[in-house]
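What's counted below: heavy atoms across the whole structure, side chains too, no hydrogens, waters or symmetry copies.
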Amino acid sequence: MPSPIVLTREQVRAIDQWAIRELGLPGIVLMENAGRGAAETLLARGVSGPIVICTGGGNNGGDGYVMARHLWLAGCEVRVLECAPPSRLSPDASLYRSVAERLGIDLRRRNSARDLGDDLAHAEWIVDALLGTGLTAEVRDDAADVIRAINAASAQVFAVDLPSGLDCDRGIPLGVSIAADVTATFVARKAGFENPDARRWTGDVVVVGIGVPAIRVSPG
């Protein structure tokens, strides 16, 4: 049997572009599939208490807004802590934020890690939808403080695609990383997950399909 496909940072980007350009699947459909699949994965683990979703400014944050909607539809108590201003969202992520807002899902802007304390303290699950596979530089300042605050909380942590701060290709923290109990990763495992030490950051890894195959695609 062929070895399972694992994806580097550049291959993740290449598959997204292939799906959009060659298959004609809009990015907004891929985001919907990702967020819905991640929500179903979390629900399968068992949820009985509040879920706090921490969103960043990229597409990872968009996945978090989609998750919030599907968890809310499933009857969960959901709160979104926006750790980046809405002005930084991609167009697709901004649309899903708007949908969540119109549904009346609890969205709360958080300007620093100091603002997270009460929300994190009362969560059963914290969803990490802060930073995605594109991260290459060390996490600093407020973003690093938010990651530390999540790690210090008593709740279980669910990472979207990969733990924020973990290098996609090497499986090591870029300064600091979320330490997740579960990671719902999209399309295929990431190359960095093959690092034996990565499991301390990823926890259990579940591969979530988004409607496109895992192919051996070359970047560019």
Side-chain angles (χ1 to χ4, degrees), residues 7 9 12-43 47 50-111 115-116 119 123 125-135 142-143 146 150 158-164 168 178 183-188 190 206-213:
L7 300 176
R9 178 183 298 107
V12 168
R13 184 178 295 113
I15 285 180
D16 284 347
Q17 292 304 310
W18 174 77
I20 292 168
R21 294 174 182 172
E22 302 299 324
L23 298 184
L25 276 172
I28 200 164
V29 172
L30 302 179
M31 185 175 289
E32 173 70 22
N33 291 348
R36 183 181 65 246
E40 291 170 350
T41 301
L42 177 52
L43 289 169
V47 175
I51 302 169
V52 171
I53 302 176
C54 297
T55 58
N59 284 339
N60 204 245
D63 298 334
Y65 289 111
V66 175
M67 278 192 74
R69 186 176 88 254
H70 285 284
L71 293 168
W72 180 84
L73 289 169
C76 299
E77 181 183 346
V78 181
R79 176 174 297 168
V80 178
L81 304 184
E82 300 179 303
C83 299
S87 60
R88 283 179 48 194
L89 293 172
S90 68
D92 291 349
S94 183
L95 182 145
Y96 283 121
R97 180 191 184 278
S98 177
V99 172
E101 185 175 41
R102 292 178 186 185
L103 283 172
I105 294 172
D106 190 357
L107 308 181
R108 301 190 180 192
R109 177 79 178 95
R110 292 294 182 254
N111 294 308
D115 300 329
L116 301 176
D119 295 300
W125 283 94
I126 299 169
V127 174
D128 160 33
L130 294 167
L131 304 170
T133 57
L135 182 71
D142 284 342
V146 169
I150 292 172
F158 182 96
V160 176
D161 205 17
L162 85 170
S164 291
C168 177
I178 289 288
T183 296
T185 197
F186 302 132
V187 182
K190 304 307 181 280
V206 180
V207 176
V208 174
I210 64 171
V212 299

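Of all heavy-atom pairs between Y96 and G62, the closest is CB-O, 4.4 Å. The two residues G211 and L25 have their closest heavy-atom pair at O-CD1, 4.0 Å. Shown here for M67 and L42, the closest heavy-atom pair between the two residues is CE-CD2, 4.1 Å. Smallest separation of non-hydrogen atoms from C168 and L162: CA-CD1, 3.8 Å. Counting all heavy atoms, side chain and backbone alike, A84 lies closest to R109 at N-NH1, 3.7 Å. Here the closest non-hydrogen pair linking A100 and L107 is CB-CD2, 4.4 Å.
Applying the side-chain hydrogen bond (donor to acceptor under 3.5 Å, both in side chains) rule to R110 yields the partners D119; only residues at least two apart in sequence or on another chain are considered. Every residue two or more places apart in sequence or in another chain was checked for a side-chain hydrogen bond (donor to acceptor under 3.5 Å, both in side chains) with R88, and none qualifies.
The structure places SG of C54 at 11.0 Å from CG of L131, a figure rounded to the nearest 0.5 Å. The line from CD of E32 to NE2 of H70 is 4.0 Å long, rounded to the nearest 0.5 Å. Atom-to-atom distance recorded for E77:CD and L71:CG is 12.0 Å, nearest 0.5 angstrom. For the atom pair I126 CD1 and R79 CZ, the distance stands at 12.5 Å (nearest 0.5 Å). Here the CG-CD1 distance, from D128 to I53, works out to 11.0 Å after rounding to the nearest 0.5 Å. With rounding to the nearest 0.5 Å, the separation of CG in D161 from NZ in K190 is 4.0 Å.
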message: If you apply the rule side-chain contact (heavy atoms from CB on, under 4.5 Å), what do you find for I150 with L130, and how did you get there?
response: CA-CA 11 Å; I150 292 172; L130 294 167; 3.9 Å; yes
field: Worked verdict on L135 versus S164 for side-chain contact (heavy atoms from CB on, under 4.5 Å)
entry: CA-CA 8 Å; L135 182 71; S164 291; over 6 Å; no
Derivation of the side-chain contact (heavy atoms from CB on, under 4.5 Å) call for N33 and F186: CA-CA 10 Å; N33 291 348; F186 302 132; over 6 Å; no
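Between D115 and R108 there is no salt bridge, since no side-chain nitrogen of the basic residue lies less than 4.0 Å from a carboxylate oxygen of the acidic one.
Using modelled atom types, no side-chain atom of S98 and backbone atom of S94 make a donor-acceptor pair closer than 3.5 Å.
Side-chain contact of Y65 with E82: a donor-acceptor pair under 3.5 Å is present, judged by distance alone.
Looking at heavy atoms from C-beta onward, V12 lies out of side-chain contact with V187 at the 4.5 angstrom threshold. Side-chain contact between V66 and D63 is absent, with no heavy atoms from C-beta onward closer than 4.5 Å.
I15 pairs with exactly one of L30, V212, I210, I20 by the side-chain contact (heavy atoms from CB on, under 4.5 Å) rule, that one being V212.
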